[in-house]
Amino acid sequence: MPELPEVESIRRSILPHVVGIRVATANLYRRDVLVAPGDPPGGFARQRSSAQRPKPVRVRPEHLLEGALITGVERRGKQLALIAELDGGGGGRALVVQLGMSGQFLHRAPGQELPDASHVHAEWMLKRGRRDAGRLVFRDPRRFGGLRAFATTELWTHWNGELGPDALLITPEQLAAAVAGSRRPVKALLLDQAALAGVGNIYADEALFKCGIRPDREAARLKPPEIVRLADEIRQTLAWAVEAGGSTLRSYVDADGNPGTFQLQHAVYGRGGEPCPRCGRTLRSGMLAQRTTVWCMGCQV
DNA sequence: AGGCGATCCTGAGGGC
DNA sequence: TGCCCTCAGGATCGCC
């Protein structure tokens, strides 16, 4: 579900609830939703059963930051990381939340219920001193998302170093480097998190429309002025979307449960068959990089 | 080596 | 109402 603007909106909304707060206890309801140190490499090892466990699964408590003091919340691309410190030194740990298509990361005040408590895979009970500070909840109906535990902040930094530069701050030079020598369609490149971190299907289509570049153009054949323009439009589109609190198509809400409003400003995403907002020609819709793609034959060359 | 297709899941919405 | 089909904001793996 969420792309960079939605993840950033969650980060901002969750910060005031968690910084300086201690995780009293944490519950994990499905082991396959967590990748912890020592687990086999790769993604989340899916179990066959879809039944939610009534009882928490046992894992080493520090993996879920149990007993740790939360010191920050970081984001790289679509990855969100809780940074926390256990007592007795040893530096910080990190717990990364990947939201996939349908993930939610929510804060609930004491006594505040969830609108829908199904598909809750993990929760963290929070305390400020001895006072109840509510809880954090990870929900993800489709389970394309999950959690990754890192024993040190350096391991998290090293892991996210596999990602490309953050799309909110992408420079023309960085984009030129990503594009160089790539024969794939430019949209496929934008969706590749190792090339550029944070852009997903919505914002790829929106940014390409704004700068007048067809999504199927070969990446390496973009001209220098087009690369500059594309980098500018990526940054600006994402920044505006963050200001609007992200795009809510179906289930996205921030940590406080508030939806975003940027979907009201989508020029092309989800508008195949409608008139182009700039020239009035019918917007084309097709498949590219296995994703529905919408563009204007007139405005994008 | 790099890029493509299939695959992992649940739920919403449309057609009949 | 119900059933069946298609589609969805993502990312990994295996194969060519």
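Below, read A as the first sequence line, B as the second, and so on, with proteins coming before strands; counting in each chain starts at 1.
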### Query
Are side-chain N/O atoms of Arg139(A) and Gln104(A) paired as donor and acceptor at under 3.5 Å?
yes
## Note on the structure
Result for 5'-nearest mapping on DNA chain B, choosing between Arg250(A) and Ala188(A), is Ala188(A)
### Query
Nearest heavy-atom pair of Pro141(A) and Ser102(A): which atoms, and what distance?
CD-O, 3.4 Å
#### Entry: Atom-to-atom span, CG of Asp140(A) to C1' of dA11(C) - whole angstrom
13 Å
### Task
Name the pairing partner of dC4(B), where a pair is Watson-Crick or G-U wobble with both distances under 3.5 Å, or state none.
dG14(C)
#### Entry: Inter-nucleotide P distance (dT6(C), dA6(B)), Å rounded
14 Å
#### Entry: P-based separation of dC9(B) from dG14(C) [nearest Å]
16 Å
### Task
Check every atom of dC7(C), dA11(C), dC8(B) against the side chain of Phe144(A) and return the nucleotide holding the closest atom.
dC8(B)
### Query
Are any of His266(A)'s side-chain N or O atoms less than 4.0 Å away from OP1 or OP2 of dG9(C)?
no
### Query
Looking across every strand, which nucleic acid part, if any, lies under 4.0 Å from Ser247(A) by heavy atom: base, sugar-phosphate, or nothing?
base
### Query
Tyr269(A) has a side chain; which of dA8(C), dG11(B), dG10(C) sits nearest to it?
dA8(C)
### Task
Specify the separation, in whole Å, of atom CG of Leu99(A) and atom P of dG10(C).
11 Å
### Pairing partner (Watson-Crick or G-U wobble, both distances under 3.5 angstrom) of dG9(C)
none
### Task
May I ask you to decide if Val199(A)'s main-chain N or O and Lys78(A)'s side chain share a donor-acceptor pair within less than 3.5 Å?
yes
#### Entry: dC8(B) OP1/OP2 closer than 4.0 Å to side-chain N/O of Arg142(A)
no
#### Entry: Geometric cation-pi criterion, Arg148(A) with Phe44(A): 6.0 Å, 45°
yes
### Query
Rounded to the nearest Å, what distance is computed from the CH2 atom of residue Trp159(A) to the P atom of nucleotide dT12(C)?
8 Å
### Query
Nearest to the side chain of Arg143(A) - dG9(C), dG11(B), dC9(B)?
dC9(B)
### Message
So if I take every side-chain heavy atom of Gln290(A) and compare against dA11(C), dA6(B), dT10(B), which nucleotide ends up nearest?
### Response
dA6(B)
### Query
Between His17(A) and Asp256(A), do the side chains contain an N or O donor and an N or O acceptor separated by less than 3.5 Å?
yes
### Task
Find the distance Asp205(A):CG to dA8(C):C1' and express it as a whole number of Å.
14 Å
### Message
Atom CZ of residue position Arg284(A) - does it have more than 12 heavy atoms of other residues, nucleotides or ligands inside 6.0 Å?
### Response
no
### Query
Using a cut-off of less than 4.0 Å, is there contact between a side-chain N or O of Arg291(A) and OP1 or OP2 of dG9(C)?
yes
### Query
Roughly how many Å is it from CZ in Arg139(A) to P in dG9(C), rounded to a whole number?
19 Å
### Task
Determine: side-chain N/O of Lys78(A) to OP1/OP2 of dG9(C), distance under 4.0 Å, yes or no.
no
### Length of the line joining Phe44(A):CZ and dT12(C):C1', which is rounded to integer Å
11 Å
### Query
Which of these nucleotides, dG10(C), dC4(B), dA11(C), is closest to any side-chain atom of Glu3(A)?
dG10(C)
